[in-house]
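Predicted model, so just to flag it, every value in this text is computed and none were measured.
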Amino acid sequence: MRNMSGDDMKTTHRRGPWTISLVLVSFFSAPVGVIADETCNSPYLASLIKGQEDFIHVWTLGVEGVGDGSDKLVTVDVNPKSARYGKVVDFVSVKGRGEAHHMGFTDDRKYLWAGRLDDNNIFVFDVGTNPAKPKLVRTISDIAQKSGYVGPHTFYAMPGRMLVGTLSNAKDGSGTTGLVVYNNKGDYVAKYAMPTTTIGGVQGDGYGYDVAINPQKNAMLTSSFTGHKNYMTELGQLINNPEAMKRFGNTMVLWDFKAMKAQKVFNTPGAPLEIRWSLKEGDNWAITASALTSKLWLVKQDSGGQWQAKDVATIGDPAKTPLPVDISIAADGKSLWVNTFMDGKTRLFDLSNPEAPKQVYEKETGKQVNMISQSWDGKRVYITSSLLANWDKKGADNEQFLKLYSWDGKELKEQWTIDFIKEKLGRAHHMKLTAKPTKNAALHAESQSVAASR
Amino acid sequence: MVTTRWWRQLIVISVLTSLVIASVQGATTDSEPGRPRQDFIAPLPGSYTLEVIQRAPSGKVLDVDGRVYPLDQYMTGKITLLSFIYTYCVDPVGCPLAFQTFIGLRERLSATPNVARQVRFVSLSFDPTNDTPTAMKLYAGQFSDASNTLRWHFLTTRSVAELKPILDDFGQDVSVQVDTGGRPIRLYNHMLKIFLIDTNGRVREIYTTAFLLPDVLFNDIQTLIMEEQGKR
């Protein structure tokens with residue numbers, strides 16, 4: 001049970017306007033999102049791709065009657081020099097449908113962990129040996145048993161291990177949840193509860209969603225979404241249930257990363273989702289978007305070195321609940337792409353002054369858009385369509401695609417679209433980029449060669 | 001072949017000399033690209049828990065005198081800081097950074113001999129073909145002296161066949177660069193990882209480049225020492 005302190009009461013009161021506006025919008029809308037691009041990867045990750053990526057992997061939700069109906073990892077060739085540019089070159093189906101959602105590389109970038117929010121399975125794919133043909137090498141199924149948490153969402157590489165941000169718990173399916181650590185072999189290491197006490201004058205709500213670490217500041221930020229009961233409920237039912245609509249996260253938490261201890265809770269109403277630290281040398285801020293209140297939130301150190309959070313911009317017209325679901329920050333921290341699910345728009349914000357972001361561009365990129373990932377140089381922008389199986393739009397608006405746009409600083413120009421229904425794949429969700437391995441020899445081959453030459 | 005060996009020895013000496021000079025000049029600076037920065041005060045020793053990440057693997061290794069020992073001997077009984085290196089590595093954020101970090105920590109830990117005696121460093125080579133016990137001894141110089149309060153062991157293996165399971169178990173990736181003809185050359189690609197291992201042979205922390213912060217390493221070692229003291 002959540003502690004209804006004065007702070008929590010205040011938070012609850014603030015939910016009113018956006019809750020009402022959400023109910024007023026179409027049934028075919030939805031909160032939440034997810035993401036993956038080179039500028040969002042863990043700083044512990046090896047070999048960020050700063051040139052041309054070769055492949056994009058799309059964690060895809062199976063749809064009954066579409067292909068084999070199973071969740072799958074779809075691989076697309078995205079190198080313009082390839083004969084198969086813009087084509088699906090491989091997919092690996094996993095058993096059944098379990099609400100495929102997000103993925104994350106291990107620290108050595110050789111393995112991709114992909115989670116399912118409903119059955120809590122985590123699939124580990126080898127993408128290092130041959131990224132054109134990923135191979136399922138392990139399935140981790142014990143997160144609920146080991147930690148009590150369910151809904152493995154964010155996969156964030158730490159040295160030799162994976163930090164998993166979860167959305168819910170096995171006991172009551174609410175949003176009270178935590179963080180779980182596995183080693184790279186897939187063995188459980190530890191768990192950490194999201195705070196439910198008052199820290200820094202703000203009541204923790206115990207909810208979780210994304211994780212982002214700034215190692216030079218020893219700062220980890222987490223955001224908050226909603227629990228299994230809500231994210232597995234048909235959107236129409238959910239928005240007609242006022243009590244359920246109160247059960248969304250309204251906080252972000254700053255952690256002492258080394259100690260894995262919560263240091264401060266920020267009041268950031270409206271389900272703050274993806275978190276991106278500016279990667280520019282010397283910057284001391286991160287940004288996020290709250291889905292239900294349509295705000296950009298800046299978390300930054302003040303002149304006294306204290307971390308503060310404040311809303312710095314609105315995204316579209318919050319009264320129309322555009323539902324910002326994913327963001328992608330430029331490598332230099334100067335701009336931010338924002339996808340809004342409801343209106344299918346991709347917006348660009350100028351972050352030259354992160355205290356006052358300004359929208360400088362927008363384009364409708366689909367009937368529904370969710371994830372957005374840009375290349376390190378910002379010239380290529382990938383977009384997918386699916387939010388959650390039960391929250392995607394219906395009928396003709398339920399487009400399912402992967403699109404590539406080029407960006408020249410002025411205009412997003414569509415390069416190609418892969419229709420995931422026509423290709424019998426499913427709902428396109430999270431994306432990760434890979435490149436072909438450099439021409440290296442495995443250690444054993446080198447040994448033989450050297451031995452022979454001596 | 002003799003010329004090649006001489007050339008390798010020269011590289012080892014050059015690399016070692018540059019490392020020592022760098023260590024004398026001080027720790028990494030903020031302006032050095034790719035080097036880790038620390039813009040925070042490290043949490044106090046004992047104020048946090050280092051979780052057990054995995055067991056350190058078993059295997060067989062060679063010391064600088066060519067004697068074979070079980071790896072366990074270097075993974076238990078003391079708090080161990082282990083890094084994989086190769087003697088002619090010149091990547092500024094690779095082996096030389098690990099070496100510099102070890103030298104700085106050695107100096108700090110040695111200021112308290114009772115602490116230094118509870119800690120050991122291990123540098124284990126990626127390259128059993130070139131990094132023979134003799135090459136490791138040359139690379140180690142005085143750092144491997146048995147009389148040092150803080151022992152630093154420079155180890156290699158008899159073969160890749162004996163090394164590879166150790167690397168795989170630690171999760172230490174490595175591959176060998178090849179030339180345009182696909183032939184292996186003398187350079188390794190690897191992600192810098194340093195492993196902190198407790199007295200029972202359990203990995204308690206892993207440091208990659210972004211996280212290789214001397215103050216944090218120092219406090220982590222102190223944390224494990226305090227944990228040991230708490231058992232007594």
Indicate yes or no: does A:K258 engage B:E205 in a salt bridge with an N to O separation below 4.0 Å.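 Result for this pair is yes, salt bridge flagged.
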Self-check item: When B:L50, B:D173, B:T49, B:I41 are compared by non-hydrogen pairs under 4.5 Å with chain A, the top option
Solution: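 Between B:L50, B:D173, B:T49, B:I41, the count favours B:D173.
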### Task
Please determine, among B:V52, B:N219, B:V216, B:I53, the option with the most heavy-atom pairs under 4.5 Å with chain A.
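Highest number of pairs under 4.5 Å: B:I53.
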Search all heavy atoms of A:V189 against all heavy atoms of B:E51 and return the closest pair with its distance.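 Scanning both residues, the minimum pair turns out to be CG1-CB, 3.7 Å.
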Compare every heavy atom of B:I206 with every heavy atom of A:G160, then report the nearest pair and how far apart it is.
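Closest approach of A:G160 to B:I206: CA-CD1, 3.7 Å.
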To the closest 0.5 Å, what do you measure between CD (A:Q216) and CZ (B:F40)?
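A:Q216 CD to B:F40 CZ: 9.5 Å, rounded to 0.5 Å.
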CZ on B:F170 to CG on A:N184, rounded to 0.5 Å:
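That separation rounds to 14.0 Å.
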For B:K78, is the NZ atom crowded, meaning more than 12 foreign heavy atoms sit under 6.0 Å from it?
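Correct, the count exceeds 12.
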When you compare the side chain of [Y] with that of [X], does any pair of heavy atoms fall below 4.5 Å?
| X | Y | answer |
| --- | --- | --- |
| A:D107 | B:K193 | yes |
| A:P215 | B:L213 | no |
| B:D169 | A:K185 | yes |

Discussion item. Quick one about A:N183 and B:Q54 (side-chain donor to acceptor, distance below 3.5 Å, no hydrogens or angles considered), yes or no?
Written reply: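 B:Q54 vs A:N183: no donor-acceptor pair found between side chains.
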* Measure distances from A:D256 to the heavy atoms of chain B and classify the residue's part below 4.5 Å as side chain, backbone, both or neither. =>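 Side chain only.
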